[in-house]
Amino acid sequence: MAVAVETQKTAALTGNEAAAQAMRQINPDVVAAYPITPQTEIVQLFSTFVSDGLVKTEFVAVESEHSAMSATVGAAAAGARAMTATSSQGLALMWEMLYIAAGMRVPVVMPMVNRALSSPINIHCDHSDSMGARDSGWLQIYSENAQEMYDNLIQAVRIAEHPDVLLPVMVTMDGFIISHGMENVELLPDRAVQDFVGEYHFPYPLLDVEHPKTLGPLALQDFYFEFKRQQAEAVHRAKNVILAVAEEYARISGRRYGFFEAYQMDDAEYAVVVLGSTAGTAKYVIDQLRQAGEKCGLVKIRVFRPFPGPELSELLSGLKALGILDRADTFSTQGGPLYLEVKAALYHALKRPKCINYIYGLGGRDIDPELIRQALMEIKDLGSEQADGVGPIVRYLGVRE
Amino acid sequence: MALPDLAKKPQRFTGGHRACAGCGFPVTIKIILQAAENPVVVGCATGCMEVTSTIYPYTAWRCSFIHTAFENAAATMSGVEAAYRSLKRQGKIDKDIDFIAFGGDGGTYDIGLQALSGAMERGHKLVYVCYNNQGYMNTGIQRSSATPRGANTTTTPAGTHLPGKPQYPKDLTAIMAAHGIPYAAQASMSHWNDLYRKAQKAFAVDGPAFLNVLSTCRLGWATAPEDTVDVAEGAVQCNVWPLFEVENGKWKLTFKPKKPLPVADWMKQQGRFKHLFQSDNTELLESIQRQVDEDWQRLLELCGE
Ligand SMILES: Cc1ncc(C[n+]2csc(CCOP(=O)(O)OP(=O)(O)O)c2C)c(N)n1
Ligand code: SF4
Ligand SMILES: [Mg+2]
C-alpha cells in the first residue's frame, strides 16, 4: 500500500481536470450528466475519456439535470457504480431527485462546482447552490483546492458505498476559483485508485432479476417514519466511516483528512470558520497576524453533512470570539447557513465564545486578504474584555451598502 | 396467441393490488408483461398504477420494479438500461433482460414529455408504455393533454359557462413516431390480442419502442366497473382511439371498424360527458364528430388505406 505514495505523479491541473481525472480512475459503470458552467469541463473531459476508450463507462448525455439525476439513481439501483456532476441551476433542477436519491439510499457520488443561483443570473462562485441542498439527505464534503477535490472524490466513493452508510455524497469545489485555477496536483496511480474504491455492491440491484425487489414503493403513516429514522441513523454512522476511509486514504496517499482542519488553533483566542477556497486566503492572513503576535486561528470545515457538531464545539469552546464566514445567505435575518450550524453546535459548549457572522463573496465577489484581516480585527475587538455587547450579529463583508 | 394459452402464461403482476374494482390498467400491465419473453425490469411513474401496486410492505410486482418520481420514468429507466449495457459489455452480466417504463398520460403527455423524448432520441432499448386513462386520476381526476374535449374533470368542471375541457387531446403517438424510433403503436386494453402482438413487436425491436394504451378509469370516466372493457372498445369502434402502428416509419392500421359508431354514442356511455346531453350542445358535439372524422381520414391516408 505504501508503494502508492512514492509512485504518485505531480500534474498541473485545474480543479475540473482534477475531478475528471479522479472520475477516470474511479472508472464508474455509468455517468449521466448535463453541461453547466463552471462544471461543463468535467463532462467534456469525461466524454473524451469515453470516446478514447480510457474508461469502461456507459455515458448518457441526458437532456436535463433532472434526468441526469434520475438516470444516475436508476443506474445505481440497477447495480452499477454511477456518477453525475453539476452546478447551480443544474443542482436546483435536480432538487426533487436529490431527496429521492438519499431516501432510496443509492450511493451516488457527484462533483458539485459551486456557483451562485439566479436571479440575477451569475456564473461565479458562492455556496447558495449546495447550501440549499444541505438538508436533502446527501453527505456534503467541501474542498479547499484541486488536490482536495481529487482526494475527496475518491474517498466519497468508499463513504457512499459503505454498507453502514449507503447514501449519496456531493463533493464541492468553488466555481472558477478552484474549478478553473491551475495548481499542482498529486495523482495516485490508476491501479491504486481502483484497488481503493474496489467493486460496487448495492444490496438490492434491479438487474438481479432472480431476486426481484420493489424499489421506491409507497410508504404511508405506518412505515414512512421508520424509513426516515433509518436514514438519519445512516448519517450518524457515516461519521465513523468518513474517518476510517480518511485513515485508509492517508496510508496510500500520505494526505490526511478529518471532519475539519484546525489551523493555528492550539493557543488561539479568536478565530474564523470558513468553507472552501477562502481557507487559503485566510491562512495567509493568519500567518501574517501571527507574526505580529496575534493569537488567531482558522477552522476549515471539510465535512458539512454530517455536521461534526460535538467535535467542533470541543475545539471552539473557550475561544473568546469567533467569526463565521458564509458564502451564502439564508434570507432569514438569522445569518448564513454555516453560522447557524456552528452556533447551534456551540449551544452546549461549557465556555461559549461570542459569535458573529460575515456574509461575503456572493456571486463571485472577491474576498481579499484585507477584508479577512478587517473581519479578524473586529472579531478580536469583540473578544476583548471592554467590548460591550456584540453589535450587529450578521455583517456583510465587501459589499456596497 | 389464443386466450386460453395467454391465461396459462405466468403472471408477473398479481392480484391484491388496490386499484379500483373495474380499473383498466391492471389488464394492460398483465398483457404487456406476458408478451415479454425475457425477465423484465419495470420502471413506473407516480400515478394510480404506482400507488395502488406498491403499498409498503406489499407489492404486486413479481419482477424487479423501480419508482422514483412522476415525470421521469423514461429517464430513470434510461439509467437502468445504461447500467445493463455497461455491465453486459464488461461481462458482469450475461442474461437477456427487457426494460419497460410505465407512465400515466399525465406522466407521459405532460410533465414527463421531455424525459420521454430524451430517452427515445438517445435510443435506449426500452419499451415505454403510456397507460392512458385520459386524465390525472391519482390526484382526483384533473385534465391532462390526453383528456378528450368536452370531458368534465375537476380542473375543467362542466359549468354554466364552460362545457368541460375546451381543447382536443394532442396526438402523442404521432409525436413519438416523429422521433424516428423503430416502433410506435396505439392500442387499447379492450383489444387484448392486438395489444399482445404490439407488445411482442415492441420487445423485439433493437431500440426504443412506444406504446400508447387506452386503459379505462371507471372512476374518472364515471362508468360501471363491469363496463370497463366495453367503454374502451367503444373508443376504438367510434374512431376516437384508432388502433395502428408505425414500424420503421411505415404507418399501418391494425383494426378498422366495420361501421364506425357515432362519437356521441360512446360519450353517452360515460358520466364525464353527461352534461353535454343535458342541455343543447349540438354544435359542440358536431364539431367533435367532425374532428374525429378528419383525424381518421388523415390516419387512413398515412396508412395508405
Ligand atoms: C412533480 C410532481 N408534481 C405533481 C405530483 C402530483 N401527482 C401525482 S400523480 C399525478 C397525476 C397522475 O396522472 P397520470 O400520470 O395520468 O396517472 P394516473 O393517476 O391517471 O394513472 C399528479 C399530478 C407529483 N407527484 N409530482
Ligand atoms: S382512479 Fe381510475 S385509474 Fe385510478 S385506480 Fe381507480 S379506476 Fe384505476
Ligand atoms: Mg392518467
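Keep in mind that the numbers below use all heavy atoms, side chains included, and drop hydrogens, waters and symmetry copies. Since we're looking at a predicted model, the values are computed, not measured. Below, chains carry the letters A, B, ... as their sequence lines are ordered, and counting in each starts from 1.
A 4.5 Å side-chain heavy-atom check between B/D105 and B/L172 finds every atom pair outside the cut-off. Using a 4.5 Å cut-off on side-chain heavy atoms (C-beta onward), B/V213 and B/Y131 make no contact. Using a 4.5 Å cut-off on side-chain heavy atoms (C-beta onward), B/P182 and B/N248 make contact. For the pair B/D110 and B/Y136, the minimum side-chain heavy-atom distance is below 4.5 Å.
Here B/W221 contributes atom CH2 and B/T228 contributes atom OG1; the two are 8.5 Å apart, rounded to the nearest 0.5 Å. Separation of atoms CD1 (A/I26) and CE (A/M83) is listed at 4.5 Å; rounding is to 0.5 Å. For the atom pair CE of A/M69 and CE of A/M94, the computed distance is 4.5 Å after rounding to the nearest 0.5 Å. Between B/L195 atom CG and B/K30 atom NZ the span is 13.5 Å, to the nearest 0.5 Å.
For A/A101, no part sits under 4.5 Å from any heavy atom of chain B, backbone or side chain. With a threshold of 4.5 angstrom between heavy atoms, A/A32 does not approach chain B through any atom at all. Only the side chain of A/I100 comes within contact range of chain B, judged by heavy atoms closer than 4.5 Å. Interface residue B/I93: only side-chain heavy atoms are found under 4.5 Å from chain A. When heavy atoms are compared at a cutoff of 4.5 Å, B/V51 approaches chain A by way of both its backbone and its side chain. Proximity to chain A (any heavy atom under 4.5 Å) is restricted, for B/L87, to the side chain, taken from C-beta onward. For a residue to count as touching a neighbouring chain, one of its non-hydrogen atoms must lie under 4.5 Å from one of that chain's; by this rule B/V42 does not touch chain A.
Scanning all heavy atoms of the two residues, the minimum distance from A/V62 to A/A71 falls at CG1-CB, 4.3 Å.
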Below 3.5 angstrom, are there any donor-acceptor pairs between chain B and chain A, and if so, which atoms and how far apart?
unit_1	atom_1	unit_2	atom_2	d
B/T54	O	A/L218	N	3.0
B/T54	OG1	A/L218	N	3.2
B/Y56	N	A/L218	O	2.7
B/T59	OG1	A/T214	OG1	2.6
B/S64	OG	A/L206	O	2.6
B/F65	N	A/K213	O	3.0
B/F65	O	A/L215	N	2.8
B/H67	N	A/L215	O	2.9
B/H67	ND1	A/G216	O	2.8
B/E71	OE2	A/H66	NE2	3.3
B/N72	ND2	A/S70	OG	2.9
B/R85	NH1	A/E58	OE2	2.7
B/S86	OG	A/D29	O	2.9
B/R89	NH1	A/K56	O	3.1
B/R89	NH2	A/K56	O	3.0
B/R89	NH2	A/E58	OE1	2.9
B/Q90	NE2	A/D29	OD1	2.9
B/Q114	NE2	A/S64	OG	3.3
B/R122	NH1	A/E63	OE1	2.8

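Taking A/V30, A/L220, A/V60, A/L206 one by one and counting their heavy-atom pairs under 4.5 Å with chain B, the maximum is reached by A/L206. Interface remark: of the candidates B/G43, B/P39, B/C63, B/C63 forms the most heavy-atom pairs closer than 4.5 Å to chain A. With chain A as partner, the option from B/G118, B/A82, B/A119, B/A74 having the largest number of non-hydrogen pairs under 4.5 angstrom is B/A82.
A donor and an acceptor atom, one from each side chain of B/T153 and B/T147, are nowhere located under 3.5 Å apart.
Scanning for side chain to side chain contact (heavy atoms under 4.5 Å, CB included) contacts around A/A160 gives A/P107, A/V109, A/V169, with sequence neighbours left out.
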